[in-house]
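These notes are about the structure you will find just below.
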Amino acid sequence: MRQHLRWWKRRRFVFMPNHDEIYEQEAQKYHQLISTQQDLHTYIDAIRAYEGLDIVDIGAGTGRLTTVLAPKAGSIIALDASASMLAVTADRLRQAGLANWQTAVADHRKLPLADGSADLIVAGWSICYLGSTNVPDWQTNIRTVMRELTRILRPGGTIIIIETLGTGTATPSPPDFLQSYYTALEQEYGFSRQVIRTDLVFDSIEEAERLTRFFFGDGIADQVVENNWITVPECAGIWWRHADSHMMHK
């Protein structure tokens, strides 16, 4: 689903990484990249105060959200399709001396959790892989994911979804292939949205080029070099919905 793409531009091929391979084979390097971003727990806490809650983080990756929410959570379960990514998350949680967590390999469309088991569900930069219009049956994927999230959410619970609105841009510029998914979140599934900046702040231009080329491909890395960026601008959307609000079950 996370395609390895090349396209013709200015008479040369432009490299786009295969994210499936990165998540399975280069989890540590991926974690080095995302560690350059700010901690987002304050945005989450402003939407839903999470202290003492039972939290599920789907698409948890190397723990970008899990590790910052865990210290105040009642419990937290990190789910991801990649065991390699979850191994990094588990190591980070152990190093923090925490014991209120679990990890499990899972598909967003079939979560290994009981009905009504979560007060708060967070999903960072992950549902988009199922919601891209480049993916066959993306609408069915999103419908199935929403049913699963609704199934495991307790009455009064909250779902928070974070997705990209563009890397290498200071203003929201979402990829065309995600526009329909984002519209569905708001118009079909009743989510509200907030736009935030999630800039990546590197120690050097060399590090910025190396890590952006590794994950985002030539297009962003070439911008880094051209603009001498140590801070790479990025925008994200936070979508949220409380369980006592209307949601369509399609």
Side-chain angles (χ1 to χ4, degrees), residues 34 39-82 85-86 89-90 92-93 98 100-131 138 140-164 178 181-182 184-186 188-194 196 198 236-250:
I34 66 164
D39 180 341
L40 299 179
H41 81 277
T42 55
Y43 291 104
I44 292 171
D45 201 47
I47 294 169
R48 177 65 190 270
Y50 64 86
E51 184 171 3
L53 299 187
D54 294 324
I55 302 172
V56 174
D57 183 3
I58 72 168
T62 58
R64 181 183 341 202
L65 299 179
T66 306
T67 56
V68 298
L69 299 178
K72 290 175 61 177
S75 69
I76 193 161
I77 300 174
L79 305 177
D80 198 276
S82 168
M85 300 278 274
L86 290 175
T89 297
R92 296 178 67 200
L93 292 166
L98 298 170
N100 62 338
W101 56 273
Q102 301 175 51
T103 66
V105 174
D107 187 304
H108 292 354
R109 294 163 293 188
K110 191 173 182 180
L111 301 174
L113 300 174
D115 295 359
S117 55
D119 299 307
L120 173 63
I121 302 168
V122 295
W125 296 271
S126 62
I127 299 175
C128 58
Y129 288 112
L130 294 169
W138 73 268
T140 299
N141 286 340
I142 296 304
R143 189 176 302 124
T144 303
V145 171
M146 290 301 154
R147 284 177 176 164
E148 277 292 271
L149 299 187
T150 302
R151 179 184 66 80
I152 69 169
L153 194 66
R154 290 177 181 148
T158 301
I159 302 168
I160 297 175
I161 298 170
I162 305 172
E163 302 284 14
T164 184
L178 295 178
Y181 158 47
Y182 295 166
L185 284 179
E186 296 168 37
E188 296 184 47
Y189 297 104
F191 282 78
S192 300
R193 188 189 75 168
Q194 174 186 3
I196 64 170
T198 51
I238 302 180
W239 285 262
W240 73 91
R241 179 200 169 268
H242 302 297
D244 53 357
S245 301
H246 172 70
M247 174 177 274
M248 296 178 68
H249 301 267
K250 294 191 173 185

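These numbers come from a predicted model, not from an experiment.
To the nearest 0.5 Å, atom CZ of residue R147 and atom CG of residue L111 are 14.0 Å apart. In this structure, OH in Y181 is found 10.5 Å from CD in E186, a value given to the nearest 0.5 Å. Rounding to the nearest 0.5 angstrom, the gap separating the CE atom in M85 from the OG1 atom in T62 is 5.0 Å.
Counting heavy atoms from C-beta on, the side chains of D57 and R64 never come closer than 4.5 Å. Contact check for I77 versus I55: no side-chain heavy atoms found under the 4.5 Å cut-off. With contacts defined as side-chain heavy-atom distances shorter than 4.5 Å, the pair I34/W125 does not qualify. Annotation: side chain of T164 is in contact with side chain of L178 (closest heavy-atom distance under 4.5 Å).
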Would you please test Y189 and W239 for ring-ring contact (aromatic ring centres under 6.0 Å, His included) and show each step? CA-CA 11 Å; Y189 297 104; W239 285 262; over 10 Å; no
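Checked by atom type and distance alone, the side chain of R241 never pairs as donor or acceptor with a backbone atom of S192 at under 3.5 Å. The backbone N or O of W138 sits nowhere less than 3.5 Å from a side-chain atom of R143 that would complete a donor-acceptor pair.
D54 and S75 are linked by a side-chain donor-acceptor pair at a separation below 3.5 angstrom, with hydrogens and angles left out of the test. When only modelled atom types and interatomic distance are considered, R48 and T158 share a side-chain donor-acceptor pair under 3.5 Å. Side-chain contact annotation: Y43 with Q194, donor-acceptor N/O pair under 3.5 Å absent.
With W240 as the aromatic partner, R193 does not meet the cation-pi criteria of under 6.0 angstrom to the ring centre and within 45 degrees of the ring axis.
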